[in-house]
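Note that these values count all heavy atoms, side chains included, but never hydrogens, waters or copies made by symmetry. In what follows, residues are counted from 1 in the order of the sequence shown. From a predicted model like this one, the values you see are computed outputs, not experimental measurements. Read the numbers this way: they start at 1 and go in the same order the structure lists the ligands and their atoms.
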Amino acid sequence: MELPTWDLSDLYSGVDDPRLEADLRESLRQARDFEQRYRNQIASESLMASRLKEALDEYETLLRHESKPQAFAQLLFSTHTSDDTVKALVQRVRELGSEISTHLIFFDLEIGRISPAKFAELLQDPLLAEYHHYLDHQRKLAAHYLTEPEEKILEETANDRGRAWRRLFTEITSGMKYTLRHGNEVKELNQSQLMALLYEPDRSLRQAAAGALAEGLEKNAHVLNFTHNTLLHEKQVIDKLRRFESPEADRHLDNELSQELVDTMVGVCVQNFDLVADYYRLKGELLGLSDLKHYDRYAPLSKDREELDFEKAREIVLEAFGNFSPRLAELAEPFFSKRWIDAVVKDGKRGGAFCAGVTPDHHPYVLLNYTGKPRDVMTLAHELGHGVHDRLASKQNLLNYHPVLPMAETASTFGELLVFERLQRDLESDEARLAMLCEKLEDTFATVFRQVSMYRFEQRLHQSRREQGELAVETINALWQECMQEMFGQALTLGEDHRWSWLYIPHIVSTPFYVYAYAFGELLVLSLYARYKREGASFVDKYFELLASGGSMPPTRMLEKLDIDISQSSFWQGGCDLIRANVTLARELAERTRARA
Ligand SMILES: [Zn+2]
């Protein structure tokens, strides 16, 4: 299977491209110059709206310029995590990035120090309209800033604290080899190859893969647990310095959601855990297993699983997008024709998938580890959804470009639903429809209920570290098992070797409490998709408008425009009801196929 690698040459030609160093130097010069011209000018009663607008425009241009070397280094690293020259480049770019930041810190601090009366006056001026949201949000963040010298120290040491540990985590987990023993075979696999085996029909193979994962993680548990503990404590210290009341408070602030709203959503999901258990009882019956284990979660119902080559995946996704709107397919097409996708599976490449939006004036990139499973087609649709979202939001300036994390999962999840429906349409038998519906349900559970469980795990993990000090790996293992078992009730038992599996999850390390954004996105999109089914073509423009707003307003406001009130538990229950309806449908399909057998 011929798989694409991405072409980064429209950023830089390589690690030794002289423009890379020149751009970094130029960004540093611009930052110094910016500081000279605007220091003590912003937090001033004589500040004019026109002057602030000028500063914001320059600031935005400067950040855009700086983003390109940053993005290039990060993208190259994700496919070459064990290459020393690439690692050195990442570090170089980060260190220079920190130096640049130290010249810019004053700006956000001064925005925070503008007097309330002056700030209100400035916001009245239509000149600043496109920066309203940024300024407003910046004021909220500013309440947690330290003094400028303190902020500078934090920035200049960040590469040797949190960022260093996260980089180490990526390098270790991307380079890890797992020993799979199955029958007479012994194979060395990387994480992507190993995880793909959890979707195999052969139970003994799935069990062997789960065992190999546990063994590999246990072998590296010392350094991975040390990394987690260090980061947990670092967050505790910084949260205290920044006066955040709970471990998750800074994430909610970044996401522009209140604690109360997130608690409401999480609470509704927990109340609906029973539908997961319900589904797995059905799955146990269908597989003829009375003792479902964690490695059976994704067991396929049909044994003959078609491998899909990348070309076929491309066709399916573009067709599904095109059925929604030709514009959606047009926005996704260049990812293939212009090589904005890296899909090969190779050693040293990080696992999983992502889409990286660079700047509004540069296209995004997609990373996948494509193994030809139907699940990979969904992942392709997911990441292209992100890509399309970024392209639509490119009419925003950089400060309004990136959607907050919970909204960032809108187009991705929507893209998956489009592809799911397109794939369902081709199926002729109830058996095949049931098999695919089950895959979709399992995926939805992983996105909604599993992420909510992980969120609750993270809450308790941070709390435990704060109350008990450094945590032994088995203490965290036990906490993980307890939190992750809840959604399955009695219907599925997470076996002993499952207890290590928190150790490889990148979000826990890289972006604490990121995970609830997935549940948020999926439940929101299920509701949006139901709207699309009801309203048809008239929904399409509203949807594009939602995506095009990027990060230019808080999620509550964006969704108000669609008459959606996300503060109500009934909204989230509506999403869970749609999942429940699919569990009921799965049961009906199962009964129909059994009646015929
Ligand atoms: Zn995503």
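The closest side-chain donor-acceptor pair between T79 and D342, if any, does not fall under 3.5 angstrom.
Around the Zn ion (ligand 1), the protein atoms of type N, O or S that sit closer than 2.8 Å are H382 NE2, H386 NE2, E409 OE1, E409 OE2.
Looking at residues two or more places apart in sequence or on another chain, you find a side-chain hydrogen bond (donor to acceptor under 3.5 Å, both in side chains) between R206 and D296.
Residue pairs that meet the ring pair (Phe, Tyr, Trp, His ring centres under 6.0 Å) test with at least one member in residues 544-565, sequence neighbours left out, do not exist here.
Counting only heavy atoms from C-beta outward, the side chains of P4 and R339 never approach each other to under 4.5 Å.
N369 CG to N190 CG: the interatomic distance, rounded to the nearest 0.5 Å, is 7.5 Å.
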Ignoring hydrogens and angles, write down the donor-acceptor pairs under 3.5 Å from the side chains of residues 569-580, residues two or more places apart or on other chains.
from, atom 1, to, atom 2, distance (Å)
W572, NE1, I566, O, 2.8
Q573, OE1, N272, ND2, 2.9
Q573, NE2, N272, OD1, 3.2
Q573, NE2, D577, OD1, 2.8
R580, NH1, D274, OD2, 3.1
R580, NH2, N272, OD1, 3.0
R580, NH2, D274, OD1, 3.1

